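Both backbone and side-chain heavy atoms feed into the values below; hydrogens, waters and symmetry mates do not. Note that the structure is predicted; figures quoted are calculated from it, not measured.
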Amino acid sequence: MQYKSQAVAKPYFIAAIGLFVGQILFGLILGLQYVIGDFMFPEIPFNVARMVHTNLLIVWLLFGFMGAAYYLVPEEAERELVSPGLALLMFWVFLVAGALTILGYLLVPYSGLAELTRNELLPTMGREFLEQPTITKLGIVVVALAFVFNIGLTILKGRKTVVSLVLLIGLVGLAVFFLFSFYNPDNLVKDKYYWWWVVHLWVEGVWELILGSILAFVLIKTTGVDREVIEKWLYVIIAMTLITGIIGTGHHFYWIGAPEYWQWWGSIFSALEPIPFFMMTVFAFNMVNRRRRNHPNKAAILWALGTAVMAFLGAGVWGFLHTLSPVNYYTHGTQITAAHGHMAFYGAYVMIVLTMISYAMPMLRGREAANSNRSQVLEMWSFWLMTVSIVFITLFLTGAGILQVYLQRFSADPLPFMVVQDKIALFYWMREVAGLVFLIGLLTYVASFFVGSREPEATVAVAEKA
Amino acid sequence: MMSNNMETSAAAPVGVQPATRPAYPPGDLAIWIFILAELLVFAVFFAAYAFTRMNHVELFNEYQATLNRDAALINTLALLTSSYFVMRGVVAAREGNNALCARWIWAAVAMGVVFVVVKSTEYAHHLGAGVSLSTNDFYMFYLSLTFFHFMHVILGMVILAAVAVKARSGGYSVEDHTGVETGASYWHMVDLLWLILFPLVYVMR
Amino acid sequence: MNTTEPTRQLIRPCTLVYAVLMLLTLVTWGIGRAGLSGLGVSLLVLAFAMLKGQLIGDWFMGLRGVRGIWRWVVVIWLLIPGGLISLAFILSYRG
Ligand code: HEM
Ligand code: HEM
Ligand SMILES: [Fe+2]
């Protein structure tokens, strides 16, 4: 660690991992409710568990992004953070607000929570991923502003690199697009527009910039490849992301009452969205192959390469699968969507946060560059356990989805929704088993922070053998 | 023809014999990756036009007749001329003549302005007649394709202007003029796309 | 790559290319103006367009001085939309 203020990243990373565990526990509850309908009812109904699962995901990813930025920016700007104190304060604000919101979901009926938080004053609740009470949303905005201010000023006052500027654009975009969540028009078509302008423009727009810059940072650090080469890639990736991603939003406008030309615009542009993801894969492997040094943190490199591959598979391949409007006509809102959602979120954003944590945490905990060999071996086990199980979750859901589409929408005499759900229950059971393996992987991951911490650091030679 | 100015080309990778041809096109390789991606987008769009037309031949023929072919001719000539100017600008830069380079590039930008003005009057005409993306499949494609291309013309002009400004201030040299070639390559692509778009949308029936 | 080398020559090769491009454009426009249609005419016009594109690639973009795969990028690209458009037109005249 080169700058003292980078240390503020540590609590962010720890909170992220903690909430990640919570997210997965709720995922397992959900998965069980799919096959045992009244499991935990009425204490935790499916809709509440689902909300907690997805909201925890978003919140911990945000913690991860912020931590990553606080670690990355001082090193890129070659100066201390403008205000480490503000960063710590915001950490607690965000954590408390997040915890209260989750408790609200769990302890009060959702409509009661709406009343309690005076949702009628500025109604924003009730939309997937954006279920937070208005007051929480305002809290998020305050935290985001303080965060962008802190990061932005540090960058402006220090050395400006392509990596940190791209990161900054991504973070500002993240904050700006969140503002669409405050507008909740009565017109259902408009409502959907605004919702997608948050959700889609996040994951297929500005978050990709964040992803690209963090990936570039870790690759610069671990491979020693020239910054110039990496920056060029970053430019092209960013340009392609924006060209395809912004108009690509149209792939969500097919069936919501938007004009018909979106069938074309959405299909054509979103069909090209896999290109930047593919470029990222090529880029990552290219850099690692051209590396000028062997970094002792093998686990971080594994995560970085894993991100590049899995993001392409989840977002690129599984996204393309159902993005053309004639295909989406059949697959819209089925388990195919869920399959894609899981692999894309995991492959792109979960993995990039874990990549950064893997790279930075050893230094934040006082290591020179890497964890001990034993700790790394365990971490790499967790990588494989989680990654392979998400692949299986995706495959099972895809299987379920194909059957669902066929039985419910394609066959000569379509069956009702619930009848079909019964017929594909086996896939849901298998998904649950894969989910358990995921949890084991995650616990292994947590354990890797406590194992071998007294042992000496891995060196290049030792790591080579591992 | 080939060999005499190889050493002045920044595109030649280090270590390549001056006598052999470079393995990479003029300009920054990054712009070429970008160009490839753009070409792909348009290829998909062109094919979508042609195959949709296949199912609505009458409709497409009928509304194609409402387009202003003369305006399209002027625009094609304008873009070809601008491409020619840009190429002369590149040559000037290779010879280290910054002032001349700037003049050629500005002339190309002026041709771009012609394109933008003519195209805008066409749009004004159609919009005035109440045509929109939702009117029919032909207009949907006509407006989408040309407008998407129009945005590329504007972006290309911005890039060219930046090149011209830098050239004016003596920013390029015989050794280093990659920037000019980069901007030029992008502009030629804008031209190239229009060369397919023009016959496809305005003439072929 | 060097498309203009013989500067002392009366007309540079690239200027000649430019003239050909302008000419083909006028012919294309004339075909439209004359109201000509049909598969043969359409494919001819498309062939002109591809030839023009190839000239742009070779002479203006400077690809004729490049070796390897990049030498052929524009040509290869032209074949993709060119081929698909031809196919669509042929099919639409068939059926
Ligand atoms: C990392 C990037 C991505 C993430 C995290 C992501 C995530 C998601 C999620 C969670 C949904 C479900 C939204 C809902 O609740 O309805 C979704 C839907 C969708 N995604 Fe993605 N996605 C990504 C990239 C892509 C890409 C690149 C494509 C296209 C090539 C794509 C195509 C789609 C489509 C077509 C839908 C709508 C499915 C439906 O109609 O039900 N996604 N995505
Ligand atoms: C890091 C790992 C995970 C990520 C990133 C993740 C992400 C998501 C996302 C984005 C959604 C919303 C999907 C949509 O709207 O289509 C979702 C829903 C869901 N997740 Fe996960 N999840 C993860 C792990 C798990 C696990 C381990 C399980 C259970 C075994 C699980 C079970 C579910 C269920 C049952 C739903 C509800 C789907 C529905 O509404 O039909 N998730 N998850
Ligand atoms: Fe999307």
Side-chain angles (χ1 to χ4, degrees), chain B residues 1-6 8-9 11 20-27 32 35-36 39-40 42-47 49-55 57 61 69-70 72-73 76-77 80-81 83-84 86-88 90-91 94 181 184-185 188-189 191-192 195-200 202-205, chain C residues 1-7 12-15 17-18 21-22 24-26 28-29 31-33 35-38 41-43 45-46 48-50 52-53 56-57 59-71 73-74 77-78 80-89 91-93 95:
Chain B
M1 179 133 249
M2 221 95 282
S3 51
N4 78 321
N5 84 333
M6 249 12 285
T8 68
S9 170
T20 58
R21 308 201 246 166
Y24 293 99
W32 279 94
I35 287 174
L36 283 188
L39 287 175
L40 188 60
F42 273 96
V44 173
F45 238 128
F46 291 151
Y49 173 96
F51 281 100
T52 307
R53 180 188 174 281
M54 194 172 88
N55 294 316
V57 174
N61 284 349
R69 209 183 308 105
D70 300 344
L73 170 70
T76 312
L77 299 180
L80 282 173
T81 308
S83 250
Y84 176 73
V86 161
M87 197 251 319
R88 297 296 300 267
V90 170
V91 172
R94 279 186 194 145
E181 292 175 338
S185 298
H188 293 315
M189 176 205 74
D191 190 13
L192 176 63
L195 289 185
I196 304 291
L197 205 161
F198 165 57
L200 180 63
Y202 285 86
V203 181
M204 289 169 67
R205 51 190 296 129
Chain C
M1 172 123 311
N2 181 8
T3 51
T4 51
E5 182 233 330
T7 29
R12 298 160 191 254
C14 63
T15 309
V17 167
Y18 169 63
L21 287 167
M22 298 294 268
L24 286 175
T25 302
L26 283 167
T28 301
W29 170 82
I31 287 175
R33 202 184 137 80
L36 297 183
S37 65
V41 174
S42 291
L43 292 185
V45 167
L46 185 63
F48 282 167
M50 290 171 68
K52 282 157 74 182
I56 292 273
W59 291 87
F60 288 11
M61 287 175 151
L63 294 181
R64 55 192 286 283
V66 180
R67 71 186 148 83
I69 187 74
W70 285 103
R71 163 76 186 86
V73 270
V74 167
W77 177 75
L78 282 167
I80 299 171
L84 290 170
I85 293 168
S86 310
L87 182 67
F89 270 77
L91 289 176
S92 74
Y93 274 94

* Asked: C/M61 and side chain to side chain contact (heavy atoms under 4.5 Å, CB included): which partner among B/E181, B/H188, B/M87?
  -> B/H188
* Asked: Which heavy atom in C/W77 sits nearest to a heavy atom in B/L40, and how many Å separate them?
  -> NE1-N, 4.2 Å
* For B/S83, is it the side chain, the backbone, both, or neither that has a heavy atom closer than 4.5 Å to a heavy atom of chain C? -> both
* **Part of C/V73 lying under 4.5 Å from any heavy atom of chain B** => side chain
* To do: Select one option (side chain, backbone, both, neither) describing which atoms of C/V74 are under 4.5 Å from chain B's heavy atoms.
  => side chain
* Are any of the side-chain heavy atoms of C/F60 and B/V86 separated by less than 4.5 Å? -> no
* **B/I196/C/I85 under side-chain contact (heavy atoms from CB on, under 4.5 Å): CA gap, chis, key distance, verdict** => CA-CA 10 Å; B/I196 304 291; C/I85 293 168; 4.2 Å; yes
* Structure fact -> When rounded to the nearest 0.5 Å, the distance separating CE of C/M22 from OG1 of B/T76 is 9.5 Å
* Check whether C/W29 gets within reach of chain B through its side chain, its backbone, both or neither, counting any heavy atom under 4.5 Å. => both
* B/L80 and C/L21: which non-hydrogen atoms are nearest, and at how many Å? -> CD1-O, 3.7 Å
* **Main-chain N/O of B/M204 paired to C/S42 side chain as donor or acceptor, under 3.5 Å** => no
* Asked: Any idea which heavy atoms bring B/M54 and C/S92 closest together, and the distance?
  -> CG-CB, 3.7 Å
* Asked: What part of B/T81 gets closer than 4.5 Å to chain C, counting heavy atoms only: side chain, backbone, both or neither?
  -> both
* Asked: In terms of heavy-atom pairs under 4.5 Å, which option from C/G35, C/S37, C/G57 contacts chain B the most?
  -> C/S37
* **Pair C/T28, B/Y202: side-chain N/O donor-acceptor within cut-off below 3.5 Å** => no
* Asked: Is the shortest heavy-atom distance from the side chain of B/L200 to the side chain of C/L46 under 4.5 Å?
  -> no
* Asked: If you tally heavy-atom pairs under 4.5 Å against chain C, which of B/A72, B/A50, B/A184 wins?
  -> B/A50
* To do: Count the heavy-atom pairs under 4.5 Å between each of B/L192, B/V203, B/L39, B/V90 and chain C, then report the option with the highest count.
  => B/L39
* For the side chain of B/R21 and the backbone of C/G65, is there at least one donor-acceptor N/O pair under 3.5 Å apart? -> no
* If you round to the nearest 0.5 Å, how far is CZ of C/R67 from OH of B/Y24? -> 9.0 Å
* Please look at B/N55 and chain C and tell me whether the side chain, the backbone, both or neither of the residue comes under 4.5 angstrom of a heavy atom of that chain. => neither
* **Per-residue contact mode, C/I56 against chain B (heavy atom under 4.5 angstrom)** => side chain
* To do: Evaluate the side-chain proximity of B/R88 to C/T15: yes if any heavy-atom separation is below 4.5 Å, no if none is.
  => yes
* Got C/V17 and B/Y84 here, is their nearest side-chain heavy-atom distance under 4.5 Å? -> no
* Structure fact -> Minimal heavy-atom distance between B/P199 and C/V45, with the atoms involved, is CB-CG1, 3.3 Å
* Please check if the side chain of B/R205 supplies one atom and the backbone of C/G38 the other of a donor-acceptor pair under 3.5 Å. => no
* Smallest separation among heavy atoms of B/A23 and C/W70, with atom names -> O-CD1, 3.3 Å
* **Distance (rounded to the nearest 0.5 Å) between C/F89 CZ and B/F51 CZ** => 10.5 Å
* Checking C/I69 against chain B: side chain, backbone, both or neither under 4.5 Å from a heavy atom? -> neither
* Asked: Out of B/F45, B/F42, B/F46, which one racks up the most heavy-atom pairs below 4.5 Å with chain C?
  -> B/F46
* At their closest point, which heavy atom of C/L63 faces which heavy atom of B/W32, and how far apart are they? -> CD2-CH2, 3.9 Å
* Contacting moiety of B/L36, where chain C heavy atoms sit under 4.5 Å -> side chain
